[in-house]
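Worksheet for the structure shown next.
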Amino acid sequence: MFSKIVVVGSCMIDFTCFSSRLPKPGETIIGKNFEIKYGGKGANQCVAAAKLGASAAIVASLGSDTYAQEYLKIFKKENIDVSHVQLQENQHSGIAQITVADNGENSIVVVVGSNASLSPEHVDLAADVIRNAAILLCQFETPLETTLHAVKLHKGYGLSIVNGAPAAKNVDSALLELCDIFCVNETEAEVMTGVKPLDLSSMQQAIEQLLDKGCNTVILTVGEKGAAYASKKDKTIKMISTTPVKPVDTTGAGDAFLGALAYFKAYHPGLSMDECIRRACVVATESVLKFGTHASFPTRSNLSSDLFA
Ligand code: RIB
Ligand code: NA
């Protein structure tokens, strides 16, 4: 049985410190709490989709540590197909050093480790899984050539969504042209375009630049303000707003959004883009009300049934 959604992407082990605020450069501050959890943008997005009820597979590269074994168990618990997760000998799994402040803000340093070994050949071994998935979802924590290879392989078989996170400056235009939806947040959009998307007109400018770089549809997520999008056909941005909440931890909110977007595109193909984005924003908003990444992603039963109609 093939999955409806396939993620070709990263897995990280998240070492998270909770402190009242983020430290300044050169500063030492005393934190409140420490946790080791399982993250990585690829894995998070896959788990977010699975928690909504999607059948999902992950093509990924873990290390030869006990964290890797734990991660496999976590995926299996979420019914995620791990038949194309490779364990790399003599490499450590990818790690993320995260600080979360009281206001919910975070900062993250990622060391990709074994994620760097996710190769085009590895993707070829998963060709069947990729071609049979309605949605392919990729990010920027694994090698770009591998992502490009996966998107090429999936072309003509369904919808591909690329999340340009973390921020990268010179993204291969072939990737932007090939993927159906390119999704970034404010920081990532700024790095790619030099435009800080603060208001409607700067959002329009940033999105238009990304469309000019070759993107077909661009979604720009703007935190508590929601998301804006536009496409080659209609370059005027549409704004989708969210209900304001008081966040406790925004780590993985973008991943909740992308996993949910993939879910709604896969399981409700008749929905308009506006509506898919609006529903994905509801899922992401839910996630910032709880600590952590996976633990904060809502399941179907945590959400109003209207979302699944
Ligand atoms: O998007 C959140 C994720 O970014 C974290 O889980 C961390 O692993 C980094 O990849
Ligand atoms: Na959260």
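Atoms within a ligand are numbered from 1 in the order they appear, just like the ligands themselves. Note that the coordinates shown come from a computational prediction; the quantities given were computed from them, not determined experimentally.
- For atom 4 (O) of ligand 1, the closest heavy atom belonging to the protein is Lys41 NZ, 3.1 Å.
- Checking Asp14, Thr293, Val110, Ile13 against atom 6 (O) of ligand 1, the nearest heavy atom belongs to Asp14.
- Here the shortest heavy-atom pairing between His154 and Leu159 reads CE1-O, 3.3 Å.
- Those atoms of ligand 1 with a heavy atom of Ala96 less than 4.0 angstrom away are 7 (C), 8 (O).
- Hydrophobic cluster membership for Phe291: Met12, Phe18, Ile98, Val100, Ile108, Val110, Val112, Val248 (Ile, Leu, Val, Met, Phe, Trp, Tyr linked by side-chain heavy atoms under 4.5 Å, directly or transitively).
- Under 3.0 Å from the Na ion (ligand 2), one finds the following protein N/O/S atoms: Asp249 O, Ser287 O, Lys290 O, Gly292 O, Ser296 OG.
- Salt bridge Lys225/Glu186: absent, no basic N to carboxylate O contact under 4.0 Å.
- Heavy-atom proximity to Asp255, at under 4.0 Å, picks out these atoms of ligand 1: 1 (O), 2 (C), 3 (C).
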**Message:** What verdict does the side chain to side chain donor-acceptor pair (under 3.5 Å) test give for Thr250 and Asn106, after you've listed the backbone C-alpha separation in whole Å, the side-chain angles of each residue and the deciding distance to 0.1 Å?
**Reply:** CA-CA 7 Å; Thr250 57; Asn106 65 64; 3.2 Å; yes
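- The protein atom (non-hydrogen) at minimum distance from atom 9 (C) of ligand 1 is Glu141 OE2, 3.5 Å.
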**Message:** Please determine whether side chain to side chain donor-acceptor pair (under 3.5 Å) holds for the pair Asp274 and Ser272, giving the CA-CA distance in whole Å, both sets of side-chain angles, and the decisive distance to 0.1 Å.
**Reply:** CA-CA 5 Å; Asp274 282 50; Ser272 66; 4.8 Å; no
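- In this structure, the side chain to side chain donor-acceptor pair (under 3.5 Å) partners of Glu121, at least two apart in sequence or on a different chain, are Ser119.
- Relative ring orientation between Tyr67 and Phe15 is described as perpendicular, the plane-to-plane angle rising above 60° on a 0-90° scale split at 30° and 60°.
- No side-chain donor-acceptor contact under 3.5 Å links Ser160 to the backbone of Leu136.
- Below 3.5 Å of separation, one finds no N or O of Thr251 facing any N or O of ligand 1.
- Heavy-atom proximity to Gly39, at under 4.0 Å, picks out these atoms of ligand 1: 6 (O), 8 (O).
- Annotation: atom 3 (C) of ligand 1 to nearest protein heavy atom, Asn44 ND2, 3.7 Å.
- Taking 4.0 Å as the cut-off between side-chain N and carboxylate O, Lys235 and Glu208 do not count as a salt-bridged pair.
- Set against the non-hydrogen atoms of Met12, the atoms of ligand 1 under 4.0 Å away are 8 (O), 10 (O).
- Residue-ligand proximity: Gly254 is placed with every non-hydrogen atom at 4.0 Å or more from ligand 1.
- Listed by atom number, the atoms of ligand 1 under 4.0 Å from Ile108 heavy atoms are 4 (O).
- Scanning for ring pair (Phe, Tyr, Trp, His ring centres under 6.0 Å) contacts around Phe75 gives Tyr71, with sequence neighbours left out.
- Using cut-offs of 30° and 60° for the angle between ring planes, the Tyr267 and Tyr263 rings count as parallel.
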